[in-house]
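The block underneath contains the structure these notes are about, expressed in structure tokens.
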There are 2 protein chains.
Amino acid sequence: MRPKTNYEFVRQTLRSEIIEGVIEPGARLVQTELAKRLDVSTTPVREALQDLAREGLVLLDPHRGAVVRSLSLDEVREIYELRMVLEPMLLRKAVSELDGKELDHARRLYERMETEQDVSRWAELNREFHHTLFAPADGTRLGDIVASLRDSAIPYVALSLAKPDQRADSNAEHAELLAHLRDGDLDAAERLTRDHLAATLRAIEESRSTLS
Amino acid sequence: MRPKTNYEFVRQTLRSEIIEGVIEPGARLVQTELAKRLDVSTTPVREALQDLAREGLVLLDPHRGAVVRSLSLDEVREIYELRMVLEPMLLRKAVSELDGKELDHARRLYERMETEQDVSRWAELNREFHHTLFAPADGTRLGDIVASLRDSAIPYVALSLAKPDQRADSNAEHAELLAHLRDGDLDAAERLTRDHLAATLRAIEESRSTLS
DNA sequence: GCAATCCATACTGTGCACTTTATAAAGTCT
DNA sequence: AGACTTTATAAAGTGCACAGTATGGATTGC
């Protein structure tokens with residue numbers, strides 16, 4: 001199903017292509033090329049790029065064009081530092097309004113993740129898993145900020161997910177998180193969230209230092 | 001001095017008009033009207049509106065148009081709750097890279113605020129004062145988030161500033177903050193920042209409940 | 001070797017046509 | 001007759017083709 005405006009269609013398309021790594025960090029985004037490929041005019045493309053720029057996924061210089069933003073390790077660290085502060089807050093806010101249906105959905109996602117072998121499919125499930133838990137806070141400032149931070153970092157998380165045991169660790173933590181939520185133990189859930197993020201950051205740092 | 005692109009010009013113009021209250025919360029923003037008034041075509045206006053929408057200053061429904069976002073008390077509370085967490089972090093980050101020149105500038109701003117009687121001029125100085133202290137963190141995620149949160153709330157802070165003693169309190173707190181920074185007492189500065197925000201929020205809550 | 005100029009590329013802005021939405025009037029059903 | 005649905009119309013947002021313009025690199029001349 002296609003969104004009701006073209007610029008929204010372009011935005012969503014580019015967004016997921018960047019997040020999934022189809023378009024790599026550093027790649028140039030030429031308006032006319034994208035317009036031709038997506039079969040729209042340049043105007044909606046331009047508007048989508050500006051939107052992505054404000055979100056931090058893309059770097060946009062006036063009269064010079066757009067490139068997919070590539071993050072330094074320091075920037076990734078900043079994102080995780082922020083998430084470690086904000087996600088526990090968000091969790092507390094969202095969980096109180098979370099009903100059983102959404103928790104069930106999260107549980108099903110978790111079960112699928114346990115058996116999923118394909119990395120990119122696992123990552124997509126992971127994204128949906130977290131989104132589901134935070135769904136009640138969707139329109140809020142905090143919800144938007146966290147979602148945007150998480151998306152910005154996804155291409156870099158991918159690096160650390162290459163190792164299967166990293167995914168296994170994540171799965172275990174997800175199970176634990178669901179258990180805490182079921183028991184209503186918010187403090188433990190908050191702590192786990194922070195630890196989960198810290199562990200992910202460490203994994204990214206390691207995979208980074210062995211590469212570049 | 002006019003920015004090098006038209007859409008940036010429109011963005012800055014509308015932004016300051018909204019923040020200063022020239023355009024009131026709830027007001028409709030019609031593309032063609034704005035375009036005629038600012039003597040540009042509708043395209044740059046549209047792009048500016050989308051930018052402001054993503055920033056949270058404006059509400060934009062596809063095919064229906066834009067209105068200046070008006071915040072409920074709950075939303076103002078959320079903004080302050082976030083600022084109370086993030087600004088101390090930002091302070092710590094920015095201050096370590098703050099050189100004497102910027103601190104001097106902040107001090108001069110503070111001195112002007114002490115004698116300034118006009119409310120809107122005082123508010124503008126206040127904005128510049130805080131911006132100066134956080135300037136080193138300008139390009140960072142955290143810096144952008146805090147700046148955007150602060151701007152969103154400005155029209156509502158204005159309510160509480162009507163009372164002169166509220167401004168006097170703020171002036172005193174600014175002096176104290178500068179003293180802490182000079183002494184390098186970051187812990188005290190952080191605490192003060194939080195208290196300052198809490199006090200402002202309380203003032204807003206009071207002025208709100210007596211009005212609506 | 002350096003600087004000014006030229007040129008290709010791609011972004012920005014305009015005017016217009018198209019589409020959607022909301023309002024109001026006319027028609028239909030019970 | 002009243003309420004609901006349908007249809008016309010006006011207002012405003014969206015998208016497109018094309019013209020205008022800024023940027024970076026190549027070329028020319030000194």
Side-chain angles (χ1 to χ4, degrees), chain A residues 1-18 22-70 139 144 152, chain B residues 1-18 22-70 139 144 152:
Chain A
M1 56 129 214
R2 184 157 165 154
K4 76 172 116 186
T5 61
N6 263 356
Y7 104 75
E8 183 63 23
F9 163 69
V10 175
R11 198 179 77 85
Q12 288 180 14
T13 307
L14 289 182
R15 205 158 172 292
S16 53
E17 286 185 359
I18 292 172
V22 179
I23 309 179
E24 291 183 6
R28 269 191 84 188
L29 297 166
V30 179
Q31 293 179 8
T32 50
E33 286 174 9
L34 296 171
K36 198 163 57 177
R37 177 157 73 87
L38 303 176
D39 198 35
V40 294
S41 81
T42 58
T43 308
V45 172
R46 203 155 88 221
E47 290 168 358
L49 288 177
Q50 285 171 357
D51 223 18
L52 295 175
R54 173 145 277 288
E55 198 179 341
L57 253 53
V58 148
L59 230 54
L60 187 56
D61 282 340
H63 288 289
R64 306 208 331 155
V67 289
V68 178
R69 182 162 174 182
S70 63
D144 288 351
S152 294
Chain B
M1 52 120 223
R2 185 156 166 157
K4 77 174 116 188
T5 60
N6 261 354
Y7 106 76
E8 183 63 23
F9 162 71
V10 176
R11 198 179 78 85
Q12 288 181 14
T13 306
L14 289 181
R15 205 158 172 291
S16 52
E17 285 186 359
I18 291 172
V22 180
I23 310 178
E24 289 182 8
R28 267 190 85 186
L29 297 166
V30 179
Q31 293 180 8
T32 51
E33 286 174 10
L34 297 172
K36 199 161 58 175
R37 177 157 74 86
L38 303 176
D39 197 36
V40 294
S41 78
T42 58
T43 306
V45 172
R46 205 155 87 222
E47 290 167 359
L49 288 177
Q50 286 170 357
D51 225 18
L52 295 175
R54 173 146 277 287
E55 200 178 340
L57 253 52
V58 149
L59 230 54
L60 186 56
D61 282 339
H63 288 288
R64 304 208 331 150
V67 290
V68 179
R69 183 162 174 183
S70 64
D144 288 351
S152 294

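Labels below follow one simple rule: chain letters A, B, ... track the order of the sequence lines, proteins then strands, and each chain is numbered from 1.
Atoms CZ (Arg28(A)) and P (dA10(C)) sit 6 Å apart, rounded to a whole Å. With rounding to whole Å, Leu60(B) atom CG is found 14 Å from dT21(C) atom P. In this structure, Phe9(B) places its CZ atom 11 Å from P of dT14(C), rounding to the nearest Å. Remark: C1' of dA8(C) and NE2 of His63(A) are 17 Å apart, rounded to the nearest angstrom. Between Lys36(B) atom NZ and dA12(D) atom P the separation is 11 Å, expressed in whole Å. Note: CG (Asn6(A)) to P (dT14(D)) measures 11 Å, nearest angstrom.
Out of dG15(D), dT21(C), dG13(D), the shortest distance to the side chain of Tyr7(A) is found at dG15(D). Comparing dT20(C), dC11(C), dG24(D) by their nearest atom to the side chain of Arg64(A) picks out dG24(D).
The salt bridge (charged side-chain N to carboxylate O under 4.0 Å, His left out) analysis of residues 25-40 of chain A, with sequence neighbours excluded, yields the pairs Glu17(A)-Arg37(A).
Comparing Asp61(A) and Lys4(A) by the nucleotide of DNA chain C whose heavy atom lies nearest to each, the residue mapping closer to the 5' end is Asp61(A). Toward the 5' end of DNA chain D, the nearer of the two residues Leu29(B) and Asp39(A), judged by each one's closest nucleotide, is Leu29(B).
Residues Val10(B) and Leu34(B) have side chains not in contact (no heavy-atom distance under 4.5 Å, counting atoms from C-beta outward). When side chains are defined from C-beta on, Gln12(B) counts as touching Pro3(B), because their heavy atoms get closer than 4.5 Å.
Contacts between residues 41-57 of chain A and DNA chain D, defined by a heavy-atom separation under 4.0 Å, are made by Ser41(A), Thr43(A), Pro44(A).
Across all their heavy atoms, Val58(B) and Ala66(B) have their closest contact at CG1-CB, 3.8 Å.
No contact: Leu34(A) has no heavy atom under 4.0 Å from any strand.
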*Can you list the steps and then say if Leu49(A) with Leu14(A) is a side-chain contact (heavy atoms from CB on, under 4.5 Å)?*
CA-CA 8 Å; Leu49(A) 288 177; Leu14(A) 289 182; 3.9 Å; yes
_Gln50(A) and Arg11(B): CA distance, side-chain angles, deciding distance, side-chain contact (heavy atoms from CB on, under 4.5 Å) verdict_ = CA-CA 12 Å; Gln50(A) 285 171 357; Arg11(B) 198 179 78 85; over 6 Å; no
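For CD of Glu24(B), the number of neighbouring non-hydrogen atoms (other residues, nucleotides, ligands) closer than 6.0 Å is 12 at most.
For Gln31(B) and dT14(D), the shortest distance from a side-chain N or O to OP1 or OP2 is below 4.0 Å.
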